[in-house]
Structures are given as structure tokens and as C-alpha cells.
Amino acid sequence: MPFQSAGCHPGLAETREAAWEWAESEGLDLSVPARKKMIRTRPELWISLIFPQATQEHLDLFCQWLFWAFLVDDEFDDGPAGRDPLMCETAITRLVDVFDGAAPNGPMERALAGLRDRTCRGRSPQWNRQFRRDTAAWLWTYYAEAVERAAGQVPSRAEFAKHRRDSVAMQPFLCLHEITAGIDLPDSARSLPAYIALRNAVTDHSGLCNDICSFEKEAALGYEHNAVRLIQRDRGCTLQEAVDEAGIQLARIAERVQRAEKELIDEIEAAGIGGPTRVALERCVEDYRGLVRGDFDYHARAERYTRPDLVELDERDSLSQYFAA
């Protein structure tokens, strides 16, 4: 890991309390296994490592987004909703429709509508377009996985790398970074090849880091959409050899982050970009290293990843309470 830590937000405990109070106020009544899993997940830690300089208000809001996203992730990764394509399609369609303004039904949809309103109000059209694209793309990856499971298919490593760029859900949080950084990129900046490359490299690093740390837990639950598992299947190698190869790939992605940073500075100069847009892009270059390091440190500290022995194999039956109807 070549990047220095930017530290941890001092408001972590306050944000944790605010997240659980918010969940209760939204009627997100977690089952006992789901509650245990969320406690092990520690969304407040990830947010505090990713956004160590955020205001407390932003930190609380972003943690509530992450809390909600982890609930969705556990429902579709581990529960019946992720193994029934029709159930999955119905649920994801509803969530995307609610994000687009449809009236919400049930606690998960109402929570999403509230988060959307608090986040998107006052943001520019270009920011809202990006955030909507990234959020919807993430949600639809669960449907793609449900269909592949039902068909008995496993993606190639190249196909999965492209899929993982959306499924890891880092892209929406790069949008949220703009809020706490006080910036709003125009479409021209979002279209710079090096900015796209930088954003993709940050996201790819998060996805692979997550897969390396999640492999044992996901293997216990029979979850095949994991880069380490795909390396092992493709090469017919041992688990340790697959992990070693994934670690080499992770280091190469960190090098891609550094290369994209340099290329973005060159493109800013070549395009004659100045003023607030230049300041905003330079802020991304400055902050994204901290995002990568914070994500890396989180995976080494949260029991969701460090204690695969705590996975309860009967968790699957107690999930999907929100999407079964």
C-alpha cells in the first residue's frame, strides 16, 4: 500500500449512534443475525476512514447511505432475493423507480427516498446524473448475478472485473466525496480520460481488496462472484496461490492510481483548464489516495472481513424480509 493514511474522523462514535437511530426511525427492523452482521460490518468505521475531514452532518448522512447499502448487499448476496431472478428484478426495479421519484412502499424504499432527498437537493444536474447512473448501475449488478446463478454460469475474470467496477458500489461514494469536498465537476471534467481512469482505478482497488478479504466468508455461503474464487477456478490452483495472484493485481491497481494522477495533471494543462474546475480536479487527485488507503485499512479492521468464522450459515433464511413480498 503506497499511500499514507489520512486518519480517522473523530466523530466515528457519534456517527455510529446516529446510524442506528436513523435505522430505527425508518422502520428498518433488523433480524438478530442481520443486526449481528451489521455490528461486525462497522459502516461507521469505513465512512470515518474514507472521509476523515467531513462535517459531522455529512459523515452521518454518508454512513446512513452505507448502512442502507450493506443491508441491500446482504439481502442479495446471502438471501433468497439474490437467488430468485424474478424476485430480484422486481425489487431492483422498485428501488430504481423510487430513486427516480416513484412513491416508496415499505421501509427500505422509504429509507432510500429520504436519503435521496437529503443528498440530491441542491446538487447540479450533472452531479445528479452521475450519482443516479452509479447508484442504478450498482443495484442492477445484483440482478445480473442472480440470473447467472440461476443459469449455472460463472463469469470470466475479464467479465467479472468490469462487473465488479459497478458492484462494489464505490462509484456512488466518489460522488458523495464531491459534497464533502465542496466541489461539483462539470461534464467536461467528468469526461477527461485520465479522470475516468483514476476513478476506475480507485474503484477497482476497492473491489479486489474486498474480494480478497471476503473470500472465506463468501466461500462458506457458496458465493461464486469473487475475484479470488475466479482465479482459483481459472488456474486450478490452491487458495493461497490465488490470494497471492490477487495481491499482485492489487499492487498493480495502486500503480494505475498513481499513473492516472499524473496523466490527469497533464490533461488539465493540455485542456487549459483553470478556475474552480481545476481546483476541483486537483482536490480529487489529492483526496483519492486517502480513499484508497482508508478502504484498505477498513478491510483489515472490520470483523465482517477479519472473522469469517463468525459467519452463520443459517443467516440466509432470516434475510430478505424486505424483498420477499
Original post:
Do Met1 and Leu198 share a hydrophobic cluster (ILVMFWY, side-chain heavy atoms under 4.5 Å, transitive)?
Top reply: yes
**OP:** State yes or no: do Leu49 and Ile39 share one hydrophobic cluster built from I, L, V, M, F, W and Y residues joined by side-chain heavy-atom distances below 4.5 Å, directly or via other members?
**Re:** yes
Original post:
For the atom pair CD (Gln126) and CG (Leu185), what is the distance rounded to the nearest 0.5 Å?
Top reply: 8.5 Å
Subject >> Pairwise side-chain contact, Trp20 with Arg35, heavy-atom cut-off 4.5 Å (strictly under) >> reply: yes
Original post:
Should we count CZ of Arg118 as having more than 12 external heavy atoms under 6.0 Å?
Top reply: yes
**OP:** State, with a plain yes or no, whether a side-chain heavy atom of Asn210 is found less than 4.5 Å away from one of Phe215.
**Re:** no
Original post:
Would you say the side-chain atoms of Arg278 pair up with the backbone N or O of Ile273, donor to acceptor, closer than 3.5 Å?
Top reply: yes
Subject >> Residues Arg149, Glu145: salt bridge by 4.0 Å N-O rule >> reply: yes
Original post:
Is the backbone of Ser156 close enough, under 3.5 Å, to the side chain of Glu159 for a donor and an acceptor to pair up by distance?
Top reply: yes
Original post:
Is a donor on one side and an acceptor on the other found under 3.5 Å between the side chain of Thr93 and the backbone of Thr90?
Top reply: no
Subject >> Side chain proximity check, Glu44 to Ile47, heavy atoms < 4.5 angstrom >> reply: no
**OP:** Assess whether side chain to side chain contact (heavy atoms under 4.5 Å, CB included) is satisfied between Ile248 and Asp244, documenting all intermediate values.
**Re:** CA-CA 6 Å; Ile248 292 170; Asp244 290 345; 5.5 Å; no
**OP:** To the nearest 0.5 Å, tell me how far Asp287 CG sits from Phe51 CZ.
**Re:** 9.0 Å
**OP:** May I ask you to decide if Asn226's main-chain N or O and Asp211's side chain share a donor-acceptor pair within less than 3.5 Å?
**Re:** no
**OP:** Write down the atom of Leu66, the atom of Pro43, and the distance for their closest heavy-atom approach.
**Re:** CD2-O, 3.4 Å
**OP:** Using a strict 4.0 Å threshold on nitrogen-to-oxygen distance, state whether Arg235 and Glu241 make a salt bridge.
**Re:** no
**OP:** List the atom of Ala113, the atom of Val98, and the distance in Å for their closest heavy-atom pair.
**Re:** CB-CG1, 4.0 Å
Original post:
Under 3.5 Å, is there a donor-acceptor pair between the side chain of Arg283 and the main chain of Gly182?
Top reply: no
**OP:** Can you measure from SG (Cys175) to CG (Asp134) and round to the nearest 0.5 angstrom?
**Re:** 4.5 Å
Original post:
When rounded to the nearest 0.5 angstrom, what distance separates CD in Glu148 from NE2 in His225?
Top reply: 4.0 Å
Original post:
In terms of hydrophobic clustering (I, L, V, M, F, W, Y; side-chain heavy atoms under 4.5 Å; direct or indirect links), are Leu112 and Phe70 co-clustered?
Top reply: yes
**OP:** Can you measure from CG (Leu12) to CG (Leu59) and round to the nearest 0.5 angstrom?
**Re:** 7.5 Å
Original post:
So with a 6.0 Å cut-off around CD of Gln153, is the heavy-atom count from everything else above 12?
Top reply: yes
**OP:** Determine whether Leu176 and Trp68 fall in the same hydrophobic cluster, where Ile, Leu, Val, Met, Phe, Trp and Tyr are linked whenever their side-chain heavy atoms lie under 4.5 Å apart.
**Re:** yes
**OP:** Applying side chain to side chain contact (heavy atoms under 4.5 Å, CB included), run through Ile183 and Cys284 and close with a yes or a no.
**Re:** CA-CA 9 Å; Ile183 61 178; Cys284 291; 3.8 Å; yes
Original post:
Given the rule that I, L, V, M, F, W and Y join up when any side-chain heavy atoms are under 4.5 Å apart, are Met170 and Val285 in one cluster?
Top reply: yes
Original post:
Heavy-atom distance under 4.5 Å between the side chains of Leu71 and Leu30, does that happen here?
Top reply: yes
Original post:
Is any side-chain heavy atom of Leu230 closer than 4.5 Å to a side-chain heavy atom of Val154?
Top reply: yes
Original post:
Can you find a heavy atom in the side chain of Trp22 that is under 4.5 Å from one in the side chain of Leu61?
Top reply: no
Subject >> Arg307 and Glu216 ion-paired at < 4.0 Å >> reply: no
**OP:** Please work out which of the three classes, parallel, tilted or perpendicular, describes the rings of Phe62 and His58, given edges at 30° and 60°.
**Re:** parallel
**OP:** To the nearest 0.5 angstrom, please state how far the CG atom of Asp97 sits from the CD1 atom of Ile92.
**Re:** 11.0 Å
Original post:
When the ring centroid of Trp46 is compared with that of Phe173, is the distance short of 6.0 Å?
Top reply: yes
Original post:
Does a side-chain heavy-atom distance below 4.5 Å link Phe67 with Met38?
Top reply: yes
Original post:
Which pair of non-hydrogen atoms, one from Pro52 and one from Pro10, has the smallest distance, and what is that distance?
Top reply: O-CD, 4.3 Å
Original post:
Thinking salt bridges, do Asp266 and Lys262 make one under a 4.0 Å N-O criterion?
Top reply: no
Subject >> Closest contact, heavy atoms only, Glu178 versus Trp127 >> reply: OE1-CD1, 3.5 Å
**OP:** Please lay out, stage by stage, how Tyr305 and Tyr298 fare under the test ring-ring contact (aromatic ring centres under 6.0 Å, His included).
**Re:** CA-CA 9 Å; Tyr305 307 102; Tyr298 164 75; 5.7 Å; yes
Original post:
If we ignore angles and hydrogens, is there a donor and acceptor under 3.5 Å between the side chains of Arg199 and Gln171?
Top reply: yes
Original post:
Salt bridge between Asp166 and Arg133, side-chain N to carboxylate O under 4.0 Å?
Top reply: yes
**OP:** Ignoring hydrogens and angles, state whether a donor on the side chain of Asp60 or Gln56 is under 3.5 Å from an acceptor on the partner side chain.
**Re:** yes
**OP:** May I ask you to check whether over 12 heavy atoms, not counting those of Gln258, lie within 6.0 Å of atom CD?
**Re:** yes
**OP:** Check whether any side-chain heavy atom of Thr203 lies under 4.5 Å from a side-chain heavy atom of Arg164, and answer yes or no.
**Re:** no
Subject >> Side-chain donor-acceptor pair present, Asp295, His205, cut-off under 3.5 Å >> reply: no
Subject >> Trp65 vs Phe131, ring-ring contact (aromatic ring centres under 6.0 Å, His included): CA-CA, chis, key distance, verdict >> reply: CA-CA 13 Å; Trp65 266 112; Phe131 188 54; 5.5 Å; yes
